[in-house]
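Here is the structure we will look at.
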Number of protein chains: 2
Amino acid sequence: MVQQTVRTTQKDVRVIIVEDYKLTRVGLRYALNEIENINVIAEAQNAETGLEIIKKEQPDVVLMDLGLPGINGLEATSKVKEISPNTKVIILTSHDREEEVVASLGSGASAYCLKDIDPNTLSNVIKNVAKGACWIDSNVAHLALKLFPKPENTEILNSGHSMDVKAKLTERESEVLKLLVQGKSNTEIAQELIVSVHTAKAHVCSILQKLCVDDRVQAAVKAIKEGLVSV
Amino acid sequence: MVQQTVRTTQKDVRVIIVEDYKLTRVGLRYALNEIENINVIAEAQNAETGLEIIKKEQPDVVLMDLGLPGINGLEATSKVKEISPNTKVIILTSHDREEEVVASLGSGASAYCLKDIDPNTLSNVIKNVAKGACWIDSNVAHLALKLFPKPENTEILNSGHSMDVKAKLTERESEVLKLLVQGKSNTEIAQELIVSVHTAKAHVCSILQKLCVDDRVQAAVKAIKEGLVSV
DNA sequence: TAGCCAATTAGCCTAGTGTCTAATTTGATA
DNA sequence: TATCAAATTAGACACTAGGCTAATTGGCTA
């Protein structure tokens, strides 16, 4: 099978590899340098030296191992985004633990690949991530996707159907809920909305009833989980 | 440029297109049927008929437009995951609003593409999404990525460096925090851990101090935001 | 026009919260 | 061994929260 890709004016994606195992490093470099439009400009076997090079070179993409000695891949990823904000980070690891996937993306990574990825796919990922895309390996994607809040009441989006179970909050109640999630007390909410504490309490009370929860902590958690407020 | 892909034993990815504009539908079908290993088995111009076909055919992938008449693409995506859980949904739209991106992924979509995607990339996305991967278009990926909690204290993951600002929670405190986020009162926490209320309060108190917050609502919100607890 | 609902306010009462000081036990570390 | 941190418990105190009843106002609808 032959795929013809027409990319005439495309400039090279400049890549740096940070990986402690020499064998993997060399293998990666070899595989990627076969690919047109990808240029591995440097390698590092630990985060410290990797960060130095990245600061100097400001590459398009960094391939980052998670299990590095010293500063680990996660911390390194955060640092990369500090010292070279336009550089995209692709995590390349053999771990498939949920915490690591989520933490990686939270640290600023744009992609998460397991090491058994085929080189062809990896090269496509590199090119697309360089442009800003996000990619998560098929073996762990579900772990990341389940984090997104289910839109049960995003009024803007649904066409008036469904909206079944939960009674909609009034506009005022939504305002109160937002402040509640910010950790404001009833007194603070009252001050912010320029109403009496009694009013604030009344709103909170009906929010609790509508969300079917017992107290404001549960209300806050539910609001975040279901995307009722923008976190 | 020529990419050689070795996929001898790969079976076809069965695709259904749900899109109201005939022109786009036909164009998509034409473009995708050019690609090896992708087989567009049906089209629908609205969600209702699309869902019927999907229920019957149980395809590998659905290409879903967001702006459908009647049931919209988001609701349709949720329904797809109900009637055919193994079918992956790729959102194909021209919208780039944050709410829609997040709501799509929350509704069960595995990928979000803008309509100006090049067919070659789309075909790669289809094949990889069919295997379980997640893909987000370069123009909107940042909107989704910023949702992931920044891991400021994921002990398991960091190598002992940094850990600067916030004091680590003890094991017991983490347990308490977890219950707190579930909306449990101090009394309930005490019962669950088989300790006195005083103990529970003591733990909560030190959690508040370590997280630098004033009350348990803020603690819960912070815990969720920073991924200190699995939601 | 009558009725309903959102929003507002008030008082009251019980239960829960957060802070403080103080003390004991246990396991790990220097 | 001496010391330290974590976990535990207690009492007390000032607030805060949540539930209840009740009343007023303004806007929308049957």
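Please read all numbers here as calculations on a predicted model, not as lab measurements. A note on names: the letters A, B, ... follow the listed sequences, proteins ahead of strands, and every chain is numbered from 1.
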Which residues share a salt bridge (Lys or Arg N to Asp or Glu O under 4.0 Å) with A:Glu192, sequence neighbours left out: A:Lys184

Under 4.0 Å protein heavy-atom contact, by nucleotide of nucleotides 14-23 of chain C - B base, S sugar-phosphate only: ---BBB----

Non-hydrogen side-chain atoms of B:Leu105 and B:Ile136 separated by less than 4.5 Å: yes

N or O in side chain of B:Thr199 less than 4.0 angstrom from D:dA7 OP1/OP2: no

Any side-chain heavy-atom pair of A:Tyr112 and A:Thr93 under 4.5 Å: yes

Nearest-Å distance for atom pair NE2/P, residues B:His203 and D:dA5: 17 Å

Rounded distance (Å) that lies between atom P of C:dA6 and atom CD1 of A:Ile207: 13 Å

Length of the line joining A:His198:NE2 and D:dA17:P, which is rounded to integer Å: 13 Å

Sugar-phosphate only, base, or nothing, as touched by A:Ser196 at under 4.0 Å among non-hydrogen atoms: sugar-phosphate

CG-NZ distance between B:Leu51 and B:Lys56, expressed to the nearest 0.5 angstrom: 12.5 Å

Nucleotide D:dA7, atom C1' - distance to NZ of B:Lys210 in whole Å: 11 Å

Protein-nucleotide distance (A:Leu180, atom CG; D:dA17, atom C1'), rounded to Å: 11 Å

Beyond-backbone contact of B:Leu92 with B:Asp65, side-chain heavy atoms, under 4.5 angstrom: no

A:Thr77 and A:Ile91, any side-chain heavy atoms less than 4.5 Å apart: yes

Nucleotide of D:dA7, C:dA10, C:dT8 approaching B:Glu171 most closely (side-chain heavy atoms): D:dA7

